[in-house]
Amino acid sequence: MNQELYIYNTLSRNKELFKPLSAPHVGMYVCGPTVYGDPHLGHARPAITFDVVFRYLQHLGYKVRYVRNITDVGHLEYDADEGEDKIAKKARLEQLEPMEVAQYYTNRYHDAMDALGVKRPSIEPHASGHIMEQIELVQKILDAGYAYESNGSVYFDVRKYHDDTHRYGQLSGRVIDEMLSTTRDLDGQNEKRETADFALWKKASPEHIMRWNSPWSVGFPGWHTECTAMGTKYLGETFDIHGGGMDLMFPHHESEIAQQCAVTGHGPCKYWMHNNMITINGQKMGKSLGNFITLEEFFTGQHEKLEQAYSPMTIRFFILQAHYRSTVDFSNEALQAAEKGMQRLLQSYKTLKGLAPSKNSSVDVSGYRQLCYDAMNDDFNTPIVISHFFDIAKVVNTVNDRKATLTQADIDELRSLYDSFLFDILGLRDEAAGNNTQIVDGLMQMILDVRAQAKANKDWATSDKIRDALSALGIAVKDGKEGATWEMR
RNA sequence: GGUCGUUUGGCCGAGGGGCUAGGCACAGGUCUGCAAAACCUGCUACUCCGGUUCAAAUCCGGAAGCGACCUCCA
């Protein structure tokens, strides 16, 4: 914790020194997935972004409680029949229980996130499991006078709230009066006093399957209530970090602030963090654009836009090569570049482990550790951390080529840097490593010995046959000064 | 239409008043039986138009492109 971490706070639009409310404890809440479809790239970005935040805070010695919710109630499908719940609709079509659908996609989400090396949060609460808490929140807002009931539904009174606190719009930079004067003819708005008012509790229409009893009607909670209710329950009235995608800034997070302020007089958290969006070939990802690619399709390469499969770690590395507040554009060319770059770093780590130490170091490696910290401390600048590792990789390879030397202490220091920053904090792992058993290692060593013997005899036909056959199996043979090494591709 | 953000070399992307980002691709070289890998060298860019400044990719103003959001629901 002796590092000074600066975090860009959306609320102030500035980088601010991170000071936890009650160190060493840190509370972090991140908006999780709506489980009504297969996880796609849009799920990977925030998950990986805040995974790195989670990992880095832990690395710094903080005790972090990381809460990421599962939204499993009340969603509508695009252009679906009015009032029909997304999950309920799908459930009916497939003759499944709504919760069965939610569970299925929750499992799919977990599988994809595990593959991406995203750590599970400390608590992963389901909206459907916290209906009581949400009803209590709505009641508190009603009691405070910032909500009204209308035809069995309850709405937040944005006008009154803003007149009293002047806070509505502070996060998203929206001007309330313009919004209140916006005229937009939409269905179901006649229940609301102002178009800007948002639902806290919604009376269920007859076709709704997911519904709960409440003091106002049989219905379901408004979208914004789950995060406020669950955040408060598990992290307290005020916690340190609230994260999510930029697309959630308005209205979701703005409304969360309003709900919490209405009840407690202050917002839910100290630092608001927002990750930017992802585009594919410069375009927004959308089902109608034909570039909607699920994570599984990336992993298997089974999509017409993909030239090849991209492993989970390639996706993770690629996302981390851009800063989380920048948009990141996926293309085959960019992903292939990331894949090669990552291989280079992972290979250099293996090379490092086999490096012969010298009595003196001809390169000064003492500065890299703080450079990596500096990058992370500057609002989690992972691309800079990665660029330092490319420098380190060059040092390692140069030493391996006998053009530079390192002492054992310096080799150990570099190993420690890889372990800390590349693997623990950035969460990368060598996907090829680990599935090699001792038997495979032994067999490979024997094969390479045979090939070395053939080479010594200038029997190129045999040595090339071995190399080609291994290559066909996805194993690359690399000849070096110390003999050949191999690598799974 | 409104608000906010963004625009960097063949591609991806950091940086953000004067100082090489980095990766990938490409070209030449070293090494090698050949290839790959590794190393060396080259390719050195900031959308456009004005302005401020000794100095602008970086600050200010404007334009254009792109993107998000603009509350039915989540």
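Below, chain A is the first sequence line, B the second, and so on; all start at residue 1.
- The nucleotide whose nearest atom lies closest to any side-chain atom of A:I384 is, among B:rC24, B:rC39, B:rA14, B:rA14.
- Between A:W216 and A:W201, the two ring planes are tilted [angle within 30° to 60°].
- Considering only side-chain N and O atoms, A:K394 lies nowhere under 4.0 angstrom from the phosphate OP1 or OP2 of B:rC39.
- When the nucleotides B:rC73, B:rA14, B:rC24 are ranked by their closest atom to the side chain of A:Y155, B:rC73 comes out on top.
- In a base pair of the Watson-Crick type (N1 to N3 plus N6-O4 or O6-N4) or a G-U wobble (N1-O2 and O6-N3), with each distance short of 3.5 Å, B:rU44 is matched with no nucleotide.
- Nucleotides B:rG22 and B:rU41 place their P atoms 11 Å apart, quoted to the nearest Å.
- An aromatic stacking contact between A:F390 and the base of B:rG23 is absent, as defined here by ring centres under 5.5 Å apart and ring planes under 30° from parallel.
- With C1' as the reference atom, B:rA21 and B:rG16 are 12 Å apart, rounded to whole Å.
- In this structure, A:K458 reaches neither bases nor backbone, as no heavy-atom distance under 4.0 Å exists between it and the strands shown.
- Spacing of P atoms, B:rC24 relative to B:rA38, comes out at 8 Å, to the nearest Å.
- Straight-line distance from the CD atom of A:Q347 to the P atom of B:rC39: 11 Å, rounded to whole Å.
- One can place NZ of A:K350 at 15 Å from P of B:rA37, the figure rounded to the nearest angstrom.
- A perpendicular orientation is assigned to the rings of A:H43 and A:Y109, their planes being inclined by more than 60° (bins at 30° and 60°).
- Between A:L248 atom CG and B:rC73 atom C1' there is a gap of 14 Å when expressed in whole angstrom units.
- Between B:rC34, B:rG22, B:rA14, one nucleotide has an atom nearer to the side chain of A:S387 than all others, and that is B:rG22.
- Evaluation of atom-type donor-acceptor distances gives no pair under 3.5 Å for the side chain of A:R467 against the base of B:rA36.
- Between A:Q321 and A:M249, the residue whose closest nucleotide on RNA chain B is further toward the 5' end is A:M249.
- Residue A:F318 is classed as a sugar-phosphate contact, given heavy-atom separations below 4.0 Å to backbone atoms only.
- Pair assignment for B:rU20 gives none, since no Watson-Crick or G-U wobble pairing has each distance under 3.5 Å.
- Atom CD of A:E333 and atom P of B:rG9 are 13 Å apart (whole Å).
- Look at CZ on A:R344: it is 16 Å from C1' on B:rC12, rounded to the nearest Å.
- If you check B:rC73, B:rG23, B:rA14 against the side chain of A:H323, the one that comes closest is B:rA14.
- If you check B:rG33, B:rC73, B:rG13 against the side chain of A:S463, the one that comes closest is B:rG33.
- At distances below 3.5 Å, not a single donor-acceptor pair connects side-chain atoms of A:H126 with backbone N or O atoms of A:S128.
- Between A:R325 atom CZ and B:rA14 atom P the separation is 10 Å, expressed in whole Å.
- Taking the side chain of A:K478 as heavy atoms from C-beta on, and the options B:rA14, B:rA37, B:rC39, the nearest nucleotide is B:rA37.
- Judged by Watson-Crick or G-U wobble contacts below 3.5 Å, the nucleotide B:rG67 has B:rC4 as its partner.
- Scanning atom types as modelled, no donor and acceptor separated by under 3.5 angstrom connect the side chain of A:D479 and the base of B:rA37.
- Ring centroid separation for the pair A:F389 and A:Y418 comes in under the 6.0 Å cut-off.
- Both distances falling under 3.5 Å, in either a Watson-Crick or a G-U wobble arrangement, place B:rA38 opposite B:rU30.
- For the pair A:Y349 OH and B:rA38 P, the computed distance is 19 Å after rounding to whole Å.
- Atom P of B:rA25 sits at a distance of 32 Å from the matching atom of B:rG17, rounded to the whole Å.
- B:rG61 and B:rU3: their P atoms are spaced 14 Å apart (whole Å).
- For the C1' atoms, the distance linking B:rU8 with B:rG23 amounts to 15 Å, nearest Å.
- A:D391 contributes no side-chain N or O that forms a donor-acceptor pair with the base of B:rG22 under 3.5 Å.
- Distances shorter than 4.0 Å separate none of the side-chain N or O atoms of A:N400 from OP1 or OP2 on B:rA38.
- A ring-centre distance under 6.0 Å is not found for A:Y105 and A:Y36.
- The CZ atom of A:R451 sits 15 Å away from the P atom of B:rU32 (whole-angstrom rounding).
- There is a side-chain donor-acceptor pair under 3.5 Å between A:Q336 and A:Y310.
- Comparing atom distances between the A:N381 side chain and each of B:rG22, B:rA14, B:rC39 picks out B:rA14 as nearest.
- With C1' as the reference atom, B:rG18 and B:rU53 are 12 Å apart, rounded to whole Å.
- For the residue pair A:Y368 and A:D391, no side-chain donor N or O sits within less than 3.5 Å of a side-chain acceptor on the partner.
- If you check every strand for non-hydrogen atoms under 4.0 Å, A:N276 touches nothing.
- Contacts of A:A199 with the nucleic acid, taken as non-hydrogen atoms under 4.0 Å apart, involve only primed sugar atoms and P, OP1 or OP2.
- Here the nucleotide nearest the side chain of A:A334, chosen from B:rC12, B:rC4, B:rC24, is B:rC12.
- Taking 4.0 angstrom as the limit, A:S326 places a side-chain polar atom (N or O) nearer than this to OP1 or OP2 of B:rA14.
- Aromatic ring orientation, A:F318 versus A:F330: perpendicular (interplanar angle above 60°, classes split at 30° and 60°).
- Comparing B:rC46 with B:rC11, their P atoms sit 13 Å apart, to the nearest whole Å.
- On a pure distance criterion of 3.5 Å, no polar donor-acceptor pair joins the side chain of A:R402 and the base of B:rC31.
- The partner of B:rU53 cannot be assigned: no Watson-Crick or G-U wobble pair with both contacts below 3.5 Å exists in any strand.
- In summary, the aromatic rings of A:H253 and A:H274 are positioned with their centroids under 6.0 Å apart.
- Checking B:rC39, B:rC34, B:rC73 against every side-chain atom of A:K202, the shortest atom distance belongs to B:rC73.
- Listed candidates were B:rC34, B:rC73, B:rC4. Nearest to the side chain of A:K455 is B:rC34.
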